[in-house]
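Input: a single structure, listed below in C-alpha cells.
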Amino acid sequence: MAKKKTGSTSYDAGSIQVLEGLEAVRKRPGMYVGGTDIKALHHLVYEVVDNAIDEALVGACSRIDITIHRNSSVTVQDNGRGIPVGIHPQMKKSALEVVMTTLHAGGKFGGGGYKVSGGLHGVGVSAVNALSEWCEVEVRRDGGIHFQRYERGYPKGPVKVTGKMKSGEETGTRVVYKFDPQIFKEDIDYRFDTLVQRFREMAFVTRGVTIRFSDERSDREMSFYFEGGITSFVRYLNRNRETLHPVVHVDKEIENIGIEAAIQYTDAYTESVYSFANTINTVDGGTHLTGLRSSLTRVINDYARKNGLLKDADPNFSGDDTREGLTAIVSIKHPDPQFESQTKVKLMNPELQTYVTQVVGDSFGTFLEENPQAARAIIAKCLTSARARDAARKARDLVIRKSALESLTLPGKLADCSERDTAKTELYIVEGDSAGGSAKQGRDRHFQAILPLRGKILNTERARLDKILGNNEVKSLISALGTGIGDSFDLEGLRYGRVIIMTDADVDGSHIRTLLLTFFFRYMPRLIEEGHLYIAQPPLYRIAHKNQVKYVYTDKEKDKLVKEYGQKASLQRYKGLGEMNPEQLWETTMNPSNRTLLLVTIDDAAEADRTFDMLMGDAVDPRKKFIQTHAKSVRNLDI
Ligand code: 28F
C-alpha cells in the first residue's frame with residue numbers, strides 16, 4: 001500500500017482513496033451490499049458473478065463456475081479475458097489491484113460494456129473484498145498466471161506472477177473469498193436454493209452461457225445453460241400451464257440499447273412477468289416493464305376492435321384484463337442504466353419505455369395479424385377476464401354498501417345527542433354501567449352523547465392490544481366514533497368534536513384510561529394529534545360547610561379548604577363516579593361552565609403506550625405507582 005520512503009511513510013493519492021474506500025465499506029456495509037443479513041451475503045456472490053456475466057455479455061466468456069466450499073468460502077471462475085494486469089497509469093500499480101481494491105473500479109463500470117452503474121449494483125468486487133476476511137484473485141492472461149491475496153481488503157503484497165499459462169490453456173479470472181464474520185455477525189450462511197434460483201435466472205437472461213454451481217457443504221450441484229435465452233425462460237415458467245400460442249420473441253437494438261422480450265399467454269389467472277436490466281432482476285419494474293405492459297394492452301385492444309371482437313359500445317380491455325394469464329420477460333441491455341435511488345431494483349431511464357413499447361408493439365402486433373387463431377384465443381381470455389372483473393366489482397360494491405349500512409347502525413349502548421354539528425358535540429366514554437347511567441341522566445342530551453364501556457371486561461381479560469380490537473366494547477367505540485381505525489382511519493368521519501374519557505379516579509379507572517389512551521395512540525393517533533381527545537376530571541372530594549357545598553379536585557385544595565372551614569366541615573372522598581348522583585356528576589364533571597377537561601397530547605398517549613406492557617404485566621407495585629403519578633401528567637384545560 002504505502003510507498004515506504006526512508007524515515008517517513010507517504011501515502012500517494014491512490015492509496016488514500018483505497019484506504020478511505022475500504023473503511024467506508026466496512027463502516028456502512030448497508031450502503032454497499034444492502035446490509036449484513038443473508039440477503040447481503042448473497043449479494044456478495046452476485047457482485048462477483050455479475051462481473052463474470054459482464055464478460056459473457058460482451059461474448060468473451062462462455063462458462064462461469066461457482067463453488068461454495070465447506071468453510072463457506074466461495075470460488076467464482078470464468079473463462080473470460082482475465083482482469084487486466086498492466087500497471088495502471090495513474091495508480092502506479094497493477095490494474096488488477098486497482099479493480100480489486102478501489103470502489104467502483106470493478107467490472108466494466110463507466111466506459112464500454114454493460115456493467116450496471118450506481119448504488120447497490122456495480123459496487124464492484126472491491127466491496128466484496130473489503131467485507132471478506134480474506135480474498136484471492138488469480139488471472140490467466142498474457143501467458144502468465146497473476147495472483148494477489150487480500151485480508152479485509154488490504155493487499156498482502158503486490159500482484160505476483162506465480163506461473164506460466166500452458167499452451168492452449170484458457171484465459172480467465174478466478175476470485176475466492178471468505179466473508180468476514182466480524183461484519184456478517186449473525187450465524188448466517190449461503191442458501192443453496194436462493195442462489196440456484198438467481199443463477200438459473202442469470203443463465204436465462206444471458207443466452208448461451210453455462211453456469212455451474214456446486215455446494216461442497218451438501219454435495220449438491222446444478223448447471224444451467226439456455227441456448228434459447230428468455231424464450232426458454234418463458235417456457236420454463238409455463239411448464240405446468242396450458243399455453244394459448246407459441247412464445248413470441250423479439251430481440252432488437254435501438255441506439256446501442258438491447259431490447260429483448262419473450263411473451264406467451266396461458267389459461268392461468270395469474271401474471272408472471274419479469275424484467276431485467278443488464279441481467280439484474282428489476283423486481284420493482286420500471287420503464288421497460290411499463291413499456292411492455294402498455295404496448296400489449298394497446299395492441300390487443302387495437303386488434304380486437306379492428307376485427308370486431310370488441311363492439312364499439314364495449315369499453316377497452318384494461319391493463320388487468322390483458323395481464324391475466326400473461327407470462328413475459330423483458331430484458332434490456334443499456335450502457336448507462338439509471339436505477340431508482342433507494343431500492344436499486346427499479347429502472348428509471350425514460351427512453352426505455354418508448355423503445356420497449358415500439359419494439360414489443362410492432363412484434364406482437366405482427367404476431368396477432370399473422371396468427372388469427374392465437375389472437376382470438378388471447379382476446380377470448382381478455383373478454384372472460386373483463387366480464388369476471390365486472391361481476392367481481394359489482395359483488396364488491398354490494399358488500400361495501402352492505403357493510404357501510406351495518407357500520408351505520410350505532411352500538412345499542414350509545415346514548416346519542418341530537419346536535420349534528422360535530423364541532424358542537426361531545427362523546428363521553430364512561431367506565432361502568434352505573435356511572436354510564438348517571439352520565440346519561442345528568443348530561444345535556446342536546447350536545448352530549450354517552451357510551452358506557454364495561455371497562456372491567458377489557459381490564460380483566462389482560463388482552464394484548466391487538467386482541468382488544470376483537471372486543472365488542474371496542475368495536476362499539478369504533479363505530480360510535482365513525483372514523484374507522486388504522487390505515488382506514490378518516491377524521492372526516494368523526495361524529496363528535498370532543499371525545500372525553502371519564503373513568504373513576506381509582507387504580508382500575510386509571511388503568512382503563514391508560515388502556516384507552518394506548519388504544520387511541522396505536523389505532524387513531526390523528527384523533528389525538530388534532531386535539532379531539534380529553535380526559536374528564538371528576539372531583540376527589542365533596543366538602544360541606546354550613547349550607548355551602550364545594551367540590552375539590554386535588555388533595556392540595558382539600559387541605560386548604562379543610563383548614564379554612566375548621567373541624568365543622570364534612571368531607572366526602574369520592575371513590576368512583578357511581579357515588580355521584582346525576583346532578584352532581586353534571587355539576588362537577590360535565591357542565592362546560594365549571595368542569596375541568598384535560599386535553600390529551602400525543603406525548604401523553606405515547607407515554608401511556610410505552611408503559612402499557614407494565615400495566616399488563618404482573619408487577620403490581622410499579623403499576624400502582626405509575627397510575628397515580630401518570631394521571632397528573634396531561635395538561636389542564638378549563639373549558
Ligand atoms: C470471477 C469474477 O470478475 N471477471 C472479469 C474482466 C475482464 C475485463 C475487465 C473484468 C479495468 C477497469 C475496465 C479484460 N480485457 N469474474 C470477473 N473479467 N474486468 S472482471 O476489465 C476491467 C477494466 O474497468 C477486461 C479487456 N477488457 C476488459
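Each ligand, and each atom within it, is numbered from 1 in the order the structure gives. Please read these numbers as outputs of a predicted model, since none were measured by experiment.
Checked for salt-bridge contact, E324 and K381 meet the test: a charged N lies under 4.0 Å from a carboxylate O. The pair E221-R212 does not meet the salt-bridge criterion, since no charged nitrogen lies less than 4.0 angstrom from a carboxylate oxygen. Salt bridge status for E340 with K346: absent, with no side-chain N to carboxylate O gap under 4.0 Å.
Which parts of ligand 1 touch R141 is read off a 4.0 Å heavy-atom cut-off, strictly below it: atoms 14 (C), 15 (N). Atoms of ligand 1 found under 4.0 Å from any heavy atom of V48, numbered from 1 in the order shown, are 1 (C), 2 (C). Near A52, meaning under 4.0 Å from one of its heavy atoms, ligand 1 places the atoms 16 (N), 17 (C).
Put simply, part of P84 is less than 4.0 Å from ligand 1, judged by heavy atoms. By the 4.0 Å heavy-atom criterion, G82 is counted among the residues contacting ligand 1. Heavy-atom distances between V125 and ligand 1 stay at or above 4.0 Å for every pair.
More than 12 heavy atoms of other shown residues, nucleotides or ligands fall within 6.0 angstrom of atom CZ in R152. Atom NZ of K252 has 12 or fewer heavy atoms from other residues, nucleotides or ligands within 6.0 Å.
Polar contact with ligand 1: absent for R174 (N/O pair, distance under 3.5 Å).
Both the backbone and the side chain of V76 come within contact range of ligand 1, each with a heavy atom under 4.0 Å.
Of the options D78, N51, V176, the smallest heavy-atom separation from atom 4 (N) of ligand 1 is shown by D78. Looking at Q77, R81, E47, it is R81 that brings a heavy atom closest to atom 25 (C) of ligand 1. When I83, I53, V49, V74 are checked for heavy-atom proximity to atom 5 (C) of ligand 1, I83 turns out nearest.
For F364, the ring pair (Phe, Tyr, Trp, His ring centres under 6.0 Å) partners two or more places apart in sequence, or in a different chain, are F367.
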Would you mind writing out the side-chain donor-acceptor pairs for residues 189-200 within the sub-3.5 Å range, not counting sequence neighbours?
unit_1	atom_1	unit_2	atom_2	d
D189	OD1	S72	OG	3.0
D189	OD1	R217	NH1	3.1
D189	OD2	S72	OG	2.9
D189	OD2	R217	NH1	3.2
Y190	OH	Y177	OH	3.0
R198	NH1	E201	OE1	2.7
R198	NH1	T279	O	3.4
R198	NH2	T279	O	2.9
R200	NE	Y236	OH	3.4
R200	NH1	Y236	OH	3.2

